[in-house]
2 protein chains.
Amino acid sequence: MTYYTNIQDHVWKALSDAKRRAILDSLIKGPRSTGDIVSLFPTIGRTGVLKHLDVLKNSELITIKREGRTRWNYINPAPIAAVCGPWVTRHIHGITQSAADLKALAENSPSEEKQDPS
Amino acid sequence: MTYYTNIQDHVWKALSDAKRRAILDSLIKGPRSTGDIVSLFPTIGRTGVLKHLDVLKNSELITIKREGRTRWNYINPAPIAAVCGPWVTRHIHGITQSAADLKALAENSPSEEKQDPS
DNA sequence: TTAATATGTCACTATATAGTGACATATTAT
DNA sequence: ATAATATGTCACTATATAGTGACATATTAA
């Protein structure tokens, strides 16, 4: 199945690939053009990198700003801080969730985690 | 390709699945038997849960202790603390890695991150 | 011993994902 | 206008992954 509609899953899935994490690492210093990022990965082609950037964009881990024919890719750490940060912290400190949360997690794990009450 | 030989990747891949994160959540309170964990997931079968537990075991996110015919699954937060913690912290605070590290990351991303000098 | 319980293993299916090559479009330089 | 640059899109292939049903094994209860 693996139908996940919430942003949480998108973020974790995006971060599960080593190359995508490397791309994010390379953006900490500052934005890079797409071509520049491509040149950082000699082992895969341009379209491959493009698809990784698409994944990062869809999970909002990068934002994009066009300047002429150049596309500038900016890192956006907000999803990391919002999604992974709390989860990792909770597990490092062994903090238990409420039984109700756990039940929801297990039963419909695609939607997972705390959801907006919208 | 996606041949990853280091533990780092195993951890991120393991955590990329919502059900596996839910299993880990359920273990914060304390160890559970395999059958107990299975009963937490009505949407998938026993073998499905077993495979998730295998993934968690291979990434050392759980440890196992047998007691008669019962297998007790214990959470092990060490890989989270060792692998995800620093990465997440670094990104939340926007801390740059050395250029050499970045180059290594990009060129042979399968092995990724800092490796044992062994 | 026999049956029930709890778990392990395996081959299989279906979907997801990484990666590619070919082609298309937009922008800048000559 | 023409060429070079930078990026976007698409169909395709190969592998990885989630999940299943059937069967096997080990342990406890009757």
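The figures that follow rest on heavy atoms only: side chains count, while hydrogens, waters and symmetry mates do not. Just so it is clear: chains get the letters A, B, ... in the order the sequence lines come, proteins before strands, and each one is counted from 1.
When the C1' atom of C:dG8 is taken as reference, atom CD1 of B:Ile64 falls 11 Å away, rounded to whole Å. Rounding to whole angstrom units, CG of residue B:Asn73 and C1' of C:dG8 are separated by 13 Å. The distance from atom CZ of B:Arg71 to atom C1' of C:dT5 is 16 Å, rounded to the nearest whole Å. Put simply, CG on B:Asp54 is 13 Å from P on C:dT7, counting in whole angstrom units. Across the protein-nucleic acid pair, A:Ile62 atom CD1 and D:dT7 atom P stand 12 Å apart, rounded to whole Å. At whole-Å resolution of the value, CG in A:Leu50 and C1' in C:dC23 are 14 Å apart. Atom NZ of B:Lys51 and atom P of D:dG19 are 9 Å apart (whole Å). Put simply, CZ on A:Arg21 is 12 Å from P on C:dA18, counting in whole angstrom units.
Position along DNA chain C of the nearest nucleotide to A:Val49 versus A:Glu67 favours A:Val49 as the more 5'-ward residue.
Counting only N and O atoms by type, the side chains of A:Asn73 and A:Ser33 include no donor and acceptor under 3.5 Å apart.
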Please report the C-alpha distance between A:Ile62 and A:Asn76 in whole Å, then the side-chain angles of each, then the deciding distance to 0.1 Å, and finally whether the side chain to side chain contact (heavy atoms under 4.5 Å, CB included) criterion is met.
-> CA-CA 5 Å; A:Ile62 62 171; A:Asn76 176 28; 6.0 Å; no

Do A:Lys57 and A:Thr63 pass the side chain to side chain contact (heavy atoms under 4.5 Å, CB included) test, and can you show the C-alpha distance, the side-chain angles, and the key distance before you say yes or no?
-> CA-CA 6 Å; A:Lys57 182 186 164 195; A:Thr63 59; over 6 Å; no

Does the pair B:Asp9 and A:Arg21 meet the rule for a salt bridge (charged side-chain N to carboxylate O under 4.0 Å, His left out), with working shown?
-> CA-CA 10 Å; B:Asp9 248 310; A:Arg21 291 197 302 283; 3.6 Å; yes

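Across C:dA18, D:dG8, C:dC10, the shortest atom-to-atom separation from the side chain of A:Thr34 is found for D:dG8. The side chain of A:His52 lies closest to C:dA18 when the candidates are D:dG8, C:dA18, D:dA6. Residue B:Arg20 places its side chain closer to D:dA18 than to any other of D:dC10, D:dA18, D:dT20. Relative to the side chain of A:Lys13, the nucleotides C:dG19, C:dT17, C:dT20 differ in distance, and C:dT17 lies closest. When distances run from any side-chain atom of A:Thr47 to the nucleotides D:dT7, C:dG21, C:dA18, the shortest one goes to C:dG21.
Applying the 3.5 Å distance criterion, the base of D:dG8 shares a donor-acceptor pair with the side chain of A:Arg46. Residue-to-nucleotide contacts include no donor-acceptor pair under 3.5 Å from the side chain of A:Arg69 to the base of D:dT7.
With a cut-off of 3.5 Å on both pairing distances, the Watson-Crick or G-U wobble partner of C:dA22 is D:dT9. Nucleotide D:dA16 forms a pair with C:dT15, judged by Watson-Crick or G-U wobble geometry with both contacts under 3.5 Å. In a base pair of the Watson-Crick type (N1 to N3 plus N6-O4 or O6-N4) or a G-U wobble (N1-O2 and O6-N3), with each distance short of 3.5 Å, C:dT1 is matched with D:dA30.
Proximity of a side-chain donor or acceptor of B:Arg32 to a complementary backbone N or O of B:Ser26 within less than 3.5 Å is detected.
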